[in-house]
Amino acid sequence: MRDNGTTVASLSGLRAFALYNFNTETRALPAFSLRLDAGFPVGAFGGERTQVAVKGIVTRSWGRSRLHLNGAVRPGPDAPRPVVDALDRWWYGAAVDRTLFRQSALVVGEVYARRSTAPAPTDVNAALGLRWQWRPTAVIDLGVSRGLRRARGPDYAVTLGISKAFAIAGLMPRGR
């Protein structure tokens with residue numbers, strides 16, 4: 001970011017989340033999960049207050065394809081937000097993915113709507129991406145999105161992500 005002609009570098013907050021899967025998908029029931037996201041005001045571009053969002057995730061499979069329905073809400077007052085990756089006021093969407101050659105590679109398409117703050121207009125976006133699970137706990141993804149109705153930001157975006165999952169043992173009791 002530039003400030004008075006000089007480049008300023010700083011953090012734009014810190015994000016953490018926890019995910020709990022209530023059930024494995026069965027013939028009668030889709031899989032259902034809840035995710036809790038927290039955004040902390042770390043760095044000069046990190047916003048002014050800690051914010052929390054709750055997300056519901058429902059997944060149903062048909063052969064090599066899956067349908068995902070997701071929705072999230074961030075309760076509490078709006079405050080100055082992080083410059084990058086801020087939690088939205090609300091968000092909902094649908095996605096379809098299809099397993100490619102191997103179980104570790106997927107193509108994903110999604111459409112979603114979101115509102116950043118209570119008085120802000122609603123953004124509607126569509127995205128297409130590839131996901132490759134190159135190790136049991138590591139994923140690389142690449143995507144492109146297009147704003148169908150944009151109130152802010154670019155009409156097109158390209159993303160590249162690298163994720164590493166880990167578990168903390170002993171938090172949940174084990175079945176006997």
Side-chain angles (χ1 to χ4, degrees), residues 1 11-25 29-40 45-47 51-74 81-117 120-167:
M1 183 171 236
L11 295 175
S12 180
L14 175 67
R15 289 276 300 266
F17 73 89
L19 176 75
Y20 185 76
N21 187 22
F22 288 96
N23 64 301
T24 301
E25 181 180 356
L29 289 174
F32 178 71
S33 301
L34 275 179
R35 177 173 155 158
L36 184 67
D37 281 70
F40 302 99
F45 306 127
Q51 294 184 326
V52 176
V54 178
K55 180 178 186 179
I57 305 165
V58 177
T59 300
R60 176 50 111 188
S61 300
W62 289 275
R64 294 180 7 196
S65 299
R66 293 184 298 185
L67 172 67
H68 309 276
L69 301 175
N70 307 315
V73 63
R74 176 182 47 83
R81 300 159 40 87
V83 173
V84 178
D85 203 23
L87 295 172
D88 290 318
R89 167 59 68 187
W90 57 259
W91 180 96
Y92 62 88
V96 175
D97 69 47
R98 175 92 174 158
T99 302
L100 298 175
F101 326 105
R102 303 161 70 182
Q103 290 227 351
S104 61
L106 301 172
V107 62
V108 181
E110 72 175 339
V111 175
Y112 60 93
R114 68 182 185 185
R115 179 171 287 171
S116 59
T117 59
T122 300
D123 287 340
V124 179
N125 299 285
L128 185 63
L130 295 171
R131 177 184 181 272
W132 177 45
Q133 186 168 350
W134 62 288
R135 299 218 170 157
T137 60
V139 173
I140 297 174
D141 57 74
L142 174 66
V144 62
S145 66
R146 166 79 167 107
L148 303 177
R149 188 174 78 191
R150 303 284 298 177
R152 60 185 158 87
D155 284 337
Y156 291 95
V158 176
T159 60
L160 172 65
I162 301 172
S163 303
K164 173 80 170 133
F166 64 93

Any chance you could measure [X], atom [atom1], to [Y], atom [atom2], to the nearest 0.5 Å?
{"X": "L67", "Y": "T59", "atom1": "CG", "atom2": "OG1", "result": "8.0 Å"}
{"X": "R149", "Y": "T122", "atom1": "CZ", "atom2": "OG1", "result": "5.5 Å"}
{"X": "R35", "Y": "L19", "atom1": "CZ", "atom2": "CG", "result": "7.0 Å"}
{"X": "Q51", "Y": "R81", "atom1": "CD", "atom2": "CZ", "result": "7.0 Å"}

Who passes side chain to side chain contact (heavy atoms under 4.5 Å, CB included) against [X], sequence neighbours left out?
{"X": "I140", "value": "W132, W134, L160, I162"}
{"X": "A94", "value": "L69"}
{"X": "T159", "value": "none"}

Side chain to side chain donor-acceptor pair (under 3.5 Å) against [X], all qualifying residues, sequence neighbours excluded:
{"X": "S61", "answer": "E25"}
{"X": "S65", "answer": "R98"}
{"X": "S33", "answer": "N21"}
{"X": "T137", "answer": "K164"}

Results of ring-ring contact (aromatic ring centres under 6.0 Å, His included) for Y92 - residues two or more places apart only: W90
Mind checking ring-ring contact (aromatic ring centres under 6.0 Å, His included) for F17 and listing every partner two or more places apart, or none if nothing turns up?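 By the ring-ring contact (aromatic ring centres under 6.0 Å, His included) rule, F17 matches no residue at all.
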Are D37 and R74 close enough, and set up right, to give a side-chain contact (heavy atoms from CB on, under 4.5 Å), and what steps lead you there? CA-CA 9 Å; D37 281 70; R74 176 182 47 83; over 6 Å; no
State, to 0.1 Å, how close V84 and S12 come at their nearest heavy-atom pair, and which atoms those are.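 Looks like N-OG, 2.8 Å.
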Ignoring hydrogens, what is the shortest heavy-atom contact between L87 and A53? Give both atom names and the distance.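 Nearest pair, atom of L87 first, then A53: CD1-N, 4.1 Å.
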Keeping R64 on the side-chain end and T99 on the backbone end, is there a donor-acceptor pair under 3.5 Å?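 The answer is yes, because a donor-acceptor pair under 3.5 Å joins these two groups.
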Electrostatic pair K55-D88, nearest N-O below 4.0 angstrom: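 Result for this pair is no, no salt bridge flagged.
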If the condition is salt bridge (Lys or Arg N to Asp or Glu O under 4.0 Å), which residues does D97 pass it with, not counting sequence neighbours?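 Scan of D97 (salt bridge (Lys or Arg N to Asp or Glu O under 4.0 Å), adjacent residues dropped) gives R66.
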The criterion is salt bridge (Lys or Arg N to Asp or Glu O under 4.0 Å); which residues satisfy it with R89, sequence neighbours excluded?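 R89: salt bridge (Lys or Arg N to Asp or Glu O under 4.0 Å) contacts with D78.
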